[in-house]
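Below: the structure, in C-alpha cells.
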Amino acid sequence: MNKNEKFVITINRELGSGGRTVGEKLAAKLGVPFYDKAVIEGLKAKYNLTVEEIEKLKGQKQNWWSDFKRKMGFDDTASAKFYHSSMGQAPELLTSEEMFQTEKEILKAIAADESCVIAGRSGFYVFDKIPNHLSVFIQASMEHRIQRVVRKDGVTPEEAKKTIEKVDKMRENYVNRYANTSRYDTRNYDLVISMDGKTEDEIADLILKYIE
C-alpha cells in the first residue's frame, strides 16, 4: 500500500480485542478520517440513506459523497465521534440485503473520495478489488477479550464471555451471508495481528511500519 496515494485501510476485529481503538489511533497517525459501524448506521438514520436515495445522488453527480458531505455540513472527525458516543455499544442487529447494499455504497463512496481507515462492516470484502487497499484482522485470546470487555462495560467475566460469543456468532453469520466466506479465513487479509501483550499504540505503529 502506498500512503502517498489515495488509500483505504480496513480493520476487521474481534469484540474485546481493542481493534477499533487501533483503527482510531492508526487513522490519527496517518492524518485521515476513521469510520466504523456507528458512523455508517448514524448516516443512514440521520439522512435516511437507502440504495434508491444513493442512486439518485449518484445520478446527480459522479462523486456524490463529496457533494453530499458539503451540502449536509458533515465533518468526518466530529461526526465519527458524535455517532459513536451517541449510539454507544449498539446491539448487533440483523441486516437485510438492502441495508447491506446501502452500507456497501456508502463505504465505496467514502473510499473513492478520500483516504481513510474503516473498521468492520466486511470491509475486506467490499474493497477486495480496490487498488491501494490494506486489509487487517485483529484478534486476541478469549482471556484478553473478556478482561477488556469487563473493564470497558463494567460487567462480570461471565457476562462478558456470553456477549463475546454472541457477537462472534452474529458477525460470522453476517460475513458468511454477504461475503460467502469466513471472517477467520486469513486469506482475506494482508495482516493478521494478535493483541495479546501489546498496546493499541504498539499495534498501530506495527501497521505503520508494515506500510512503510
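Every heavy atom of this structure was used, including side-chain atoms; hydrogens, water molecules and symmetry mates were not.
Within the 4.5 Å cutoff, the side chain of N12 has no heavy atoms near those of the I138 side chain. With a 4.5 Å cut-off on side-chain heavy atoms, I9 and M1 count as touching. Looking at heavy atoms from C-beta onward, T163 lies out of side-chain contact with V155 at the 4.5 angstrom threshold. Side-chain contact between T199 and I203: absent, with no pair of heavy atoms (C-beta onward) separated by less than 4.5 Å. In this structure the side chain of S115 reaches within 4.5 angstrom of the side chain of K6, judged on heavy atoms. The side-chain heavy atoms of Y210 and V136, taken from C-beta on, include no pair separated by under 4.5 Å. Side-chain contact between V8 and L134 is absent, with no heavy atoms from C-beta onward closer than 4.5 Å. At a threshold of 4.5 Å between non-hydrogen side-chain atoms, the residues E158 and I146 do not count as touching.
Under a 3.5 Å cut-off, the side chain of N188 and the backbone N or O of S182 do form a donor-acceptor pair. E172 places a side-chain N or O within donor-acceptor distance of the main-chain N or O of R183, the cut-off being under 3.5 Å. Although no hydrogens or angles enter the test, the distance criterion places a donor-acceptor pair under 3.5 Å between the side chain of D196 and the main chain of S141. Looking at D153, its side chain never comes within 3.5 Å of a backbone N or O of V150 through a donor-acceptor pair. Using modelled atom types, no side-chain atom of E212 and backbone atom of K209 make a donor-acceptor pair closer than 3.5 Å. Between the side chain of D190 and the backbone N or O of S135 there is at least one donor-acceptor pair closer than 3.5 Å.
Atom CG in L30 sits 13.5 Å away from atom NZ in K25 (nearest 0.5 Å). Rounding to the nearest 0.5 angstrom, the gap separating the CD1 atom in I211 from the CZ atom in F7 is 6.5 Å. We find the NZ-NZ distance between K108 and K104 to be 4.5 Å, quoted to the nearest 0.5 Å. Expressed to the nearest 0.5 Å, how far CZ of F124 lies from OH of Y189 amounts to 4.5 Å.
Listed here is the closest heavy atom pair of N132 and E5: ND2-O, 3.5 Å. What you find for V149 and G16 is that their closest heavy atoms are CG2-CA, 3.9 Å. Taking every heavy atom of both residues into account, F127 and T10 meet most closely at CD1-CG2, 3.5 Å. Nearest heavy-atom pair across T181 and V175 is O-CG1, 3.4 Å.
Ring pair Y184/F137 is perpendicular by interplanar angle, where above 60° counts as perpendicular and below 30° as parallel.
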Item to check | side-chain contact (heavy atoms from CB on, under 4.5 Å) between I118 and I11, worked out | outcome: CA-CA 6 Å; I118 298 173; I11 296 182; over 6 Å; no
Checklist entry - Can you check side-chain contact (heavy atoms from CB on, under 4.5 Å) on E14 and V167, steps first, answer last? => result CA-CA 9 Å; E14 293 181 311; V167 172; over 6 Å; no
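Each of R13, R148, E200 was compared with T21 under the side chain to side chain donor-acceptor pair (under 3.5 Å) criterion, and only R148 meets it.
Ion pair E165/K169 not flagged as a salt bridge, since none of the NZ, NE, NH1 or NH2 atoms sits closer than 4.0 Å to an Asp/Glu carboxylate oxygen. Salt-bridge check for D168 with R145: passed, with a basic side-chain N closer than 4.0 Å to an acidic carboxylate O. Using a 4.0 Å cut-off between a side-chain N of Lys or Arg and a carboxylate O of Asp or Glu, K29 and D205 qualify as a salt bridge.
No side-chain donor-acceptor contact under 3.5 Å links H144 and S17.
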